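To start, the structure under review is shown below, and the notes come after it.
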Amino acid sequence: MTYTSDEMMTVTAARVLRDGMTCFVGIGLPSEAANLARATHAPNLVLIYESGTIGAKPGTLPLSIGDGILAQTADSVVSVPEIFNYWLQPGRIDVGFLGAAQLDRFGNINTTVIGGNYADPKVRLPGAGGAPEIAAACREVIVVLRQSRRTFVDQVDFITSVGFGDGPGTRQRLGLTGAGPQRVITDLGVLQPDPATCELVLTGIYPGGIIAEIKERTGWDLRVSADLTEIAPPTDHELEVLRGLLATMPAAQPASEVAQAPQGATR
Amino acid sequence: MTYTSDEMMTVTAARVLRDGMTCFVGIGLPSEAANLARATHAPNLVLIYESGTIGAKPGTLPLSIGDGILAQTADSVVSVPEIFNYWLQPGRIDVGFLGAAQLDRFGNINTTVIGGNYADPKVRLPGAGGAPEIAAACREVIVVLRQSRRTFVDQVDFITSVGFGDGPGTRQRLGLTGAGPQRVITDLGVLQPDPATCELVLTGIYPGGIIAEIKERTGWDLRVSADLTEIAPPTDHELEVLRGLLATMPAAQPASEVAQAPQGATR
Amino acid sequence: MAEIVSLAEAIAANVHDGDTLAMEGFTHLIPHEAGHEVIRQRRRDLTLVRMTPDVIYDQLIGAGCARKLIFSWAGNPGVGSLHRFRDAVENGWPVPLEIEEHSHAGMANRYLAGAAGLPFAILRGYRGTDLPARTAGVADITCPFTGETLTAVAAIRPDVAVIHAQRADRLGNVQYWGITGVQKEAVLAASRSVVTVEEVVDELEPRPGAVVLPSWLIAHVAVAPGGAHPSYAQDYCSRDNAFYVAWDAISRDRAAFAAWIDKHVHDKVPMPAGGQA
Amino acid sequence: MAEIVSLAEAIAANVHDGDTLAMEGFTHLIPHEAGHEVIRQRRRDLTLVRMTPDVIYDQLIGAGCARKLIFSWAGNPGVGSLHRFRDAVENGWPVPLEIEEHSHAGMANRYLAGAAGLPFAILRGYRGTDLPARTAGVADITCPFTGETLTAVAAIRPDVAVIHAQRADRLGNVQYWGITGVQKEAVLAASRSVVTVEEVVDELEPRPGAVVLPSWLIAHVAVAPGGAHPSYAQDYCSRDNAFYVAWDAISRDRAAFAAWIDKHVHDKVPMPAGGQA
């Protein structure tokens, strides 16, 4: 079956999730990937949304992090302060899924302002949402976003959520308990932090991917891992399930634009 | 109808509670008084127990602060951390009812140790329970206990819960938001703090009460208010309702003794 | 004890010019109809507090009710930008809007501190981000036992909290269920509270997952069936996803926005599902 | 994911000599049968944590399992003293017992801090009392925004928490209702947890007021019908008030206590209601 680069990205993100994991899910691409994983190889994936729904089992893709279907199918629904304080903060969650408007070479995330300065920005984005603490506390973080020179920048204009700060040792110094962004999954491939420098390097490409093009669409001098692997294309089953999930959503979503795509982490 | 001094005490305590008040209730005499008030002149008294039951409406007297009847009849049942943090601490509760093993002239309460020293006491009491924060945060506190030289002492052996500390200004200095013990109701009469000195003085006696005897059963040189009033005896209705409530309790309670009577505040 | 009154009376009695106002409801149970009443009463200089300002505050900001917004995520969920919010921040239209922004965890804990009668709360948050330099009410704090550095956030104590619930009984006890969000904390943190409800019933029979707020905690209850629209009330009505999408076009244009507010808020012409005016 | 095993297996796998053990349940749902299993397995040198040590810890202390007790109210509710607790404190029998005592609000917040992964919590408490001078884990802390002095309490992080619940499903998700106490915080604060339940069911249909703890939070679930006796499990059995009274006489005398433990714990002779041996 033919597939789009967005489908390749979502399938790649879904495959990272293992059965039985706990996963703090944002809306949009993270939610698609997590629900795809649950509908295929990870039926016992525990989906946790910042609305307080723990173990949600939506049959269709929710449109917001607070859809009724999440509460109706959850093992437990807790308050918003509780989901952050008792469930996210202590490091109980295996994986946090984040989006971004800008991402830099150390995996730091900006969803606040772009250009100009804070008081008079070129683009005012929605802000932090749950992202700073998801980035701090989940055992590991997966960032999912489409790759371009505009989104993959040498240095973010505003650090909304910390990846590896300015390099090795930053997370430890700040007392951030999770391991940080261990994978950035884009429509072009997969980036992972170099264990020595914490800089994001290309570790996975998709079938037919061209490294020069990927480097061209990165705002820093992207290094390529010596262990670069090619990621298998989506199986027919993965594509059928993903398309089935998407078909259950109202077709009401407008085309995204820079100011719309990045909704903090989790909306 | 004839009545006992304990009945006089309970009826006097019940009369202090006005309809619609919120009342943090301990088990024993406070619970009897609060339930008597609810069954007579204060049908909308809001009973709150430290077990997290808000607006409990027990038809019979509960035996513990965690009886099932409290949860079954409550407007809301919340967790123990929540009852202390969200409901007691911010000063939302009008009246807190406390018992005591020892009480001093400034209304300070001891329910921890008597005699000897802390590490090797003569009597080891149950300890603080909810009392320190009830004493700190309720808009006012009512202490109910039987009066004797052993219980009404010049200075308590251990300050478990603060009344007026060592006199005027202490509560403000400590940041205790409530007004402190505004009434001590005993089997002999009612003591209230002198507005100038904070020392407990006798402001109410029961029919037939003899001031010299009351002074004799107080461990400090008890002063008598210029406005001493005689408190009306229990009405037949009050007695009938109180006895009816007590009749619903199992007759299993052993006679109290010093080591048993003072159960912190609220058991 | 809560009094059951009309929505107009409830808002008039509790929301005054210059107040700090928190209208909460996390995706679910957003008190939109109460927001419209605030616009109808032409309140001004409000400090608006809300984790996810959302369409409800886009409307109040566009209508000129607010001078400041305290928030943690200002977007149209699943759709994109809040255009009235951005126009106020970027262009000062219709009046300049001061902002104070936090993370969700920070805002939740600020409400929690307010609810608990504490001046601050502690969390593991904000560290390493650019937020503390740009926002009030965030400070480092050292654990007196371990020496570890954590983050303190200042309590929020709104003058008034407004929430929407499924139902109340005739005494004014309030019950809501489904996603319960941060509403309990907002009400407990506020000096006074207004609750709009889908209906008033004789008895609040217990419901799984329900929160009950006792009547003595609340100033006024007002009946506003469908009062969460385009948000939803679990077991009463569904989220109007199409309206959130339609809002994007309505709110992009100042004149279209003004016309919409005139018609559907001031003149109270009911909105069809999906928001087509 | 919680494994469903026998009570003996659950305790053997989770409770070791020298552990810090929190058995919670506030009047309701006290895990007595699990306590008896700890005695049967002759655990030693435990640090016992519990807001209201109650009859359950009087038994563990008298049986020589504990070297330290962390608590906030040590009495037999509605009856009087805990005689085994007092004998251990006052006479070091059967082994000396170190104590660390707090207020209820302090203990609740210490669990809360543990549950939240914080080293401490703040409250308005202890101030002016003689408690801070006699107990560990209480310190003044200054609000970085207002300068006000509040109280910090150190987190409790038990090695193991044990609670009793009405039921679990076959996956090990746990559900309890009625007075829910501090059990959620105790489980969230602990490194590992054991839950005894009245029964295992196919499905946990939602209940008003119920707390559900997901299976992945819990190490082991064991079926122990009536396992709260003489405490109770709402909608399953009632509190055995007469037993609490009878315990006063049993526990007053070392020999009577030892005989009772031998018969009803080690030899597992069922107790009749009211505790008459």
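Please read these numbers as outputs of a predicted model, since none were measured by experiment. By convention in this document, chain letters (A, B, ...) are assigned in the order of the sequence lines, proteins followed by strands, and residues within each chain are numbered from 1.
By the 30° and 60° cut-offs, the orientation of the rings of D:His102 relative to D:Tyr126 is perpendicular.
Here D:Arg167 does not pair with D:Glu198 in a salt bridge; the nearest charged N to carboxylate O distance is not below 4.0 Å. Salt-bridge formation is detected for the pair B:Asp94/B:Arg139: a Lys NZ or Arg NE/NH1/NH2 atom is positioned less than 4.0 Å from an Asp or Glu carboxylate oxygen.
Of the two parts of D:Ile99, only the side chain, counted from C-beta on, holds a non-hydrogen atom closer than 4.5 Å to a non-hydrogen atom of chain B. Looking at B:Arg173, the atoms closer than 4.5 Å to chain D (heavy atoms on both sides) all sit in the backbone: N, CA, C or O. With a 4.5 Å cut-off on non-hydrogen atoms, B:Thr53 touches chain D through its side chain but not through its backbone. For D:Met51, the part sitting under 4.5 Å from any heavy atom of chain B is the side chain, from C-beta outward, and nothing else. D:Leu131 touches chain B through backbone and side chain together, each having a heavy atom under 4.5 Å away. With a 4.5 Å cut-off on non-hydrogen atoms, B:Asp67 touches chain D through its backbone and its side chain both. Contact annotation for B:Gln72: both backbone and side-chain heavy atoms come within less than 4.5 Å of a heavy atom of chain D. Proximity to chain D (any heavy atom under 4.5 Å) is shown, for B:Ile109, by neither the backbone nor the side chain. D:Phe71 touches chain B through its side chain: at least one heavy atom from C-beta onward sits under 4.5 Å away, while N, CA, C and O do not.
B:Ser148 places a side-chain N or O within donor-acceptor distance of the main-chain N or O of B:Arg150, the cut-off being under 3.5 Å. The backbone N or O of B:Leu174 lies less than 3.5 Å from a partner atom in the side chain of D:Arg127, making a donor-acceptor pair. Not one N or O on the side chain of D:Thr129 forms a donor-acceptor pair closer than 3.5 Å with the backbone of B:Ser161. A donor-acceptor contact shorter than 3.5 Å links the side chain of B:Thr170 to the backbone of B:Gly167.
Within residues 84-91 of chain B, the residues having any heavy atom closer than 4.5 Å to a heavy atom of chain D are B:Phe84, B:Asn85, B:Gln89, listed by residue number.
Separation of atoms CD (B:Gln102) and OG1 (B:Thr112) is listed at 10.0 Å; rounding is to 0.5 Å.
With D:Phe85 as the aromatic partner, B:Arg124 does not meet the cation-pi criteria of under 6.0 angstrom to the ring centre and within 45 degrees of the ring axis.
Within a 6.0 Å sphere centred on CD of B:Gln155, heavy atoms belonging to other residues, nucleotides or ligands number 12 at most.
Between D:Trp247 and D:Asn76, the side chains place no donor N or O within less than 3.5 Å of an acceptor N or O (distance only, hydrogens not considered).
Options B:Gly175, B:Ala74, B:Gly68 differ in how many heavy-atom pairs under 4.5 Å they form with chain D, and the most are formed by B:Gly68.
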